[in-house]
Amino acid sequence: MSGAAVTVVGLAGIFGFSSSPSLLVLEIASFFASFALPVAISVAILKYRLYDIDRIISRTLAYAIVTGLLIGIYTGVVLLATRVLPLSSPVAVAASTLAVAALFNPVRRRVQAVVDRRFNRARYDADKAIAAFAARLTGAVDLDSVREDLASAVHQALEPARVSVWISQHD
């Protein structure tokens, strides 16, 4: 709350002062006070662990890359359709929009996998361990081997201090 209050006062100071040289110091102070809210939010996130920063960074990178790729693809398809192919401009734009909309999810999944593999290695390794367990589970019928595989997969994915599996026997 104090960061928001300082920001509001700082923004009021930026727009409220005249341009006289004696108030230049107050204008500079007001300018720096406008950064109080983002700083307060950053301190709160880091101090109280409000968000998983690694996840936010991973998603931000992935969506920035996907946005850049899709803008490039859209621009390329529009230019190709309007310059090379004998399509009118509205038809070319509509076809380009449909092509980019169809590409969004596959491109996003692939880019997110690459970003996770590079920047969020623990999540990527956990996903691979769970996928390997699911592949081994498809043909398993012995409960003891399934229990051992499950305990191994949980240990690889989460690295807990202790793992135990309880299986209920119904007659």
Side-chain angles (χ1 to χ4, degrees), residues 1-79 81-82 89-90 92-134 150-151 153-164:
M1 293 299 290
S2 62
V6 171
T7 300
V8 167
V9 170
L11 289 176
I14 288 174
F15 296 116
F17 293 132
S18 66
S19 61
S20 68
S22 62
L23 297 176
L24 182 63
V25 174
L26 291 175
E27 288 181 7
I28 293 172
S30 296
F31 174 75
F32 285 113
S34 66
F35 293 108
L37 183 62
V39 169
I41 290 171
S42 300
V43 167
I45 288 172
L46 295 174
K47 183 176 180 182
Y48 298 108
R49 302 175 194 269
L50 296 176
Y51 295 108
D52 189 6
I53 298 297
D54 295 340
R55 189 76 174 147
I56 292 172
I57 291 170
S58 170
R59 288 290 171 104
T60 302
L61 283 173
Y63 279 106
I65 292 169
V66 166
T67 302
L69 285 173
L70 292 180
I71 287 172
I73 291 170
Y74 179 76
T75 305
V77 171
V78 167
L79 288 176
T82 56
S89 181
V93 171
S96 302
T97 303
L98 290 175
V100 169
L103 287 174
F104 176 75
N105 274 332
V107 169
R108 185 193 58 79
R109 271 189 243 111
R110 287 188 182 165
V111 168
Q112 187 68 54
V114 169
V115 169
D116 282 345
R117 188 173 353 145
R118 178 74 176 125
F119 294 102
N120 196 1
R121 192 65 189 192
R123 178 174 181 257
Y124 176 75
D125 290 342
D127 288 346
K128 286 196 84 145
I130 291 171
F133 169 70
L150 176 62
V154 167
H155 185 69
Q156 285 178 341
L158 303 175
E159 297 179 4
R162 193 179 85 145
V163 175
S164 62

The side chain to side chain contact (heavy atoms under 4.5 Å, CB included) partners of Val111 (sequence neighbours excluded) come to Ala62, Ile65, Val66, Leu69, Val107, Val115

Under the side chain to side chain contact (heavy atoms under 4.5 Å, CB included) test, residues paired with Ala101 that sit two or more places apart:
none

Val77 and Val100, any side-chain heavy atoms less than 4.5 Å apart
no

Enter the distance from Tyr63:OH to Arg108:CZ here, rounded to the nearest 0.5 Å.
4.5 Å

Side-chain donor-acceptor pairs of residues 35-43 under 3.5 Å, sequence neighbours excluded:
unit_1: Ser42; atom_1: OG; unit_2: Pro38; atom_2: O; d: 2.9

Supply the atom-to-atom distance Gln112 CD to Asn105 CG, rounded to the nearest 0.5 angstrom.
12.0 Å

Val93/Tyr74 under side chain to side chain contact (heavy atoms under 4.5 Å, CB included): CA gap, chis, key distance, verdict:
CA-CA 9 Å; Val93 171; Tyr74 179 76; 3.3 Å; yes

I'd like to check the side chain to side chain contact (heavy atoms under 4.5 Å, CB included) partners of Thr75; sequence neighbours left out, ordered by chain and number.
Ile71, Leu79

